[in-house]
Amino acid sequence: MAQVIFETIVRGRCNYYKISHFPTTIGRAFDNDIILSDPSVSPHHLEIDQDENGYVLRNLSEENGTLLEQKKMDMLATSITLPVSVNLGDLKARILSHKTSVAPTRIKSQSKGLFRFLNHPIWVGCLFLLTLGLIFFDRYQSVWFEKDLFFYLNQLLPSLFIMLGLTLVIGGISRLTTHRWDILPVLGIASLFFLIPLMFDYLGHFLSYFFTSDVPRDIFRNISHFLVLPALLMFYMVRVHLTPLLPALGAAILVSSPISAYYLNDQIDQLSTYSGFSPLPPYNQTLSAFDIRIAHNISLEDYFKEADRLLEEQTNKMLQEHKKE
């Protein structure tokens with residue numbers, strides 16, 4: 001039975017080698033007991049042996065050497081107490097006892113709810129097409145003048161390329177970390193990244209017009225800018241990579257921080273314009289057949305009367321200030 005386990009850590013993944021006889025040599029040469037492929041490892045790099053007091057290490061590398069608990073080893077035998085960490089060139093490793101406890105098994109989540117929806121090819125395809133359709137509709141209704149079909153398709157292409165690019169980036173990271181492709185859930189996450197902010201934009205517009213206030217629009221806009229992408233990335237990492245909640249949250253915030261910084265800078269620029277002259281008033285200017293307000297509309301006659309009253313007040317105020325001067 002193996003008494004010693006040699007663990008290598010490559011790209012966050014661990015490989016384990018059982019050591020059942022001593023001495024055991026480690027390196028890139030094919031006559032070693034444990035053969036490693038890392039180019040920074042010497043052909044004969046390290047030897048693990050056993051004596052009456054326990055286990056000893058011998059550094060055999062003259063090129064990059066060996067670090068034992070972050071301290072450089074010489075060519076002399078060094079006694080060790082398991083577990084210990086070693087660095088063979090750029091390769092990180094540990095030497096463990098077979099009695100070393102392992103981490104608890106991470107229970108794989110069942111495909112239920114939204115995750116089951118994102119794992120089904122038909123549903124993911126429908127979500128992707130629905131997102132493209134709503135983006136097309138948004139571009140169509142935002143143009144005041146009638147254009148041909150190719151104009152609106154051209155407006156759709158940037159969003160399509162960004163969606164596919166986001167799918168490729170997240171899928172590539174998954175391929176490097178988990179050694180498998182998860183295209184379907186990634187495409188679903190990328191579609192939701194466009195679909196949710198678009199729906200929030202329409203919902204914020206409707207509520208802002210309904211309550212005659214920009215507060216609902218600003219709330220939904222901030223949610224879509226700063227919370228949607230981290231929440232989707234965290235959900236993806238927890239359900240696909242089986243990452244614990246807190247590390248997934250930290251990684252999602254880190255990955256989405258450049259986009260959040262861009263939106264934050266844009267928001268600061270908008271706030272700075274409110275302190276001076278701006279050609280665009282901050283209130284909602286768009287109207288549609290679906291707009292419903294909680295406040296009653298006033299007639300044009302009442303509007304002009306109120307405008308005349310305010311104009312008269314401002315004129316009298318200016319005249320009085322002028323007399324005082």
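Numbers for residues simply follow the sequence, beginning at 1.
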After noting the C-alpha distance and the side-chain angles of Leu232 and Tyr236, does the key distance pass the side-chain contact (heavy atoms from CB on, under 4.5 Å) rule?
-> CA-CA 6 Å; Leu232 290 175; Tyr236 172 76; over 6 Å; no

Heavy-atom closest pair, residues [X] and [Y]:
X: Gly27; Y: Val41; value: CA-CG1, 4.0 Å
X: Leu254; Y: Ser257; value: O-OG, 2.7 Å
X: Leu127; Y: Ser191; value: CG-CB, 3.9 Å
X: Ser256; Y: Leu229; value: CB-CD2, 3.7 Å
X: Leu46; Y: Arg58; value: CD1-O, 3.4 Å
X: Ser40; Y: Asp90; value: OG-N, 2.8 Å

Go through the steps for His98 and Val4 under the test side-chain contact (heavy atoms from CB on, under 4.5 Å), then give the verdict.
-> CA-CA 6 Å; His98 71 286; Val4 176; over 6 Å; no

Please report the interatomic distance [atom1]([X]) to [atom2]([Y]), rounded to the nearest 0.5 Å.
X: Thr24; Y: Asp49; atom1: OG1; atom2: CG; value: 8.0 Å
X: Tyr55; Y: Leu82; atom1: OH; atom2: CG; value: 6.0 Å
X: His21; Y: Ile48; atom1: NE2; atom2: CD1; value: 10.5 Å
X: Asn87; Y: Lys72; atom1: CG; atom2: NZ; value: 12.5 Å
X: Thr25; Y: Glu47; atom1: OG1; atom2: CD; value: 7.0 Å
X: Leu153; Y: Gln155; atom1: CG; atom2: CD; value: 10.0 Å

Just so I know, are the side chains of [X] and [Y] near enough to count as touching, which here means a heavy-atom distance under 4.5 Å?
X: Ser159; Y: Arg139; result: yes
X: Phe194; Y: Leu134; result: no
X: Asp148; Y: Phe151; result: yes
X: Leu67; Y: Met73; result: no
X: Val228; Y: Phe200; result: yes
X: Ile19; Y: Ile34; result: yes
X: Phe220; Y: Leu207; result: yes
X: Pro121; Y: Leu184; result: yes

Please lay out, stage by stage, how Met163 and Phe128 fare under the test side-chain contact (heavy atoms from CB on, under 4.5 Å).
-> CA-CA 9 Å; Met163 194 183 308; Phe128 178 71; 3.3 Å; yes

Find out if a path of hydrophobic residues (ILVMFWY) with successive side-chain heavy-atom gaps under 4.5 Å connects [X] to [Y].
X: Leu192; Y: Leu168; result: no
X: Leu76; Y: Leu88; result: no
X: Ile9; Y: Ile35; result: no
X: Leu132; Y: Ile189; result: yes
X: Phe22; Y: Leu60; result: no

Can Asp266 and His225 be counted as having a side-chain donor-acceptor contact under 3.5 angstrom?
-> no

Side-chain donor-acceptor pair present, Asp33, Tyr17, cut-off under 3.5 Å | no

Which of Glu69, Lys92, Arg94 passes side-chain hydrogen bond (donor to acceptor under 3.5 Å, both in side chains) with Ser85? Answer is Glu69

More than 12 non-hydrogen atoms from neighbouring residues, nucleotides or ligands closer than 6.0 Å to [atom1] on [X], yes or no?
X: Glu312; atom1: CD; result: no
X: Tyr303; atom1: OH; result: no
X: Ile122; atom1: CD1; result: no
X: Met75; atom1: CE; result: yes

Any side-chain to backbone donor/acceptor pair from [X] onto [Y]? Under 3.5 Å, distance only.
X: Asn32; Y: His44; result: no
X: Ser208; Y: Ser213; result: yes
X: Tyr152; Y: Lys147; result: yes
X: His45; Y: Ser42; result: yes
X: Thr100; Y: Ser97; result: yes
X: Asp201; Y: Pro197; result: no
X: Asn154; Y: Phe150; result: no

So Glu313 and Lys317, salt bridge (charged side-chain N to carboxylate O under 4.0 Å, His left out) or not? Walk me through it.
-> CA-CA 6 Å; Glu313 288 182 358; Lys317 183 177 180 181; over 6 Å; no

Run the side-chain contact (heavy atoms from CB on, under 4.5 Å) check on Leu57 and Ile95 step by step: do they pass?
-> CA-CA 10 Å; Leu57 293 183; Ile95 304 173; 3.5 Å; yes

Scan Asn64, Val86, Leu36 and name whichever one has a side chain to side chain contact (heavy atoms under 4.5 Å, CB included) with Leu91.
-> Leu36

What class does the angle between the rings of Phe136 and Tyr140 fall in, given that below 30° is parallel, 30 to 60° is tilted and above 60° is perpendicular?
->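 Ring orientation of Phe136 relative to Tyr140: parallel.
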
Should Glu306 and Arg309 count as an ion pair when the cut-off is N to O under 4.0 Å?
-> yes

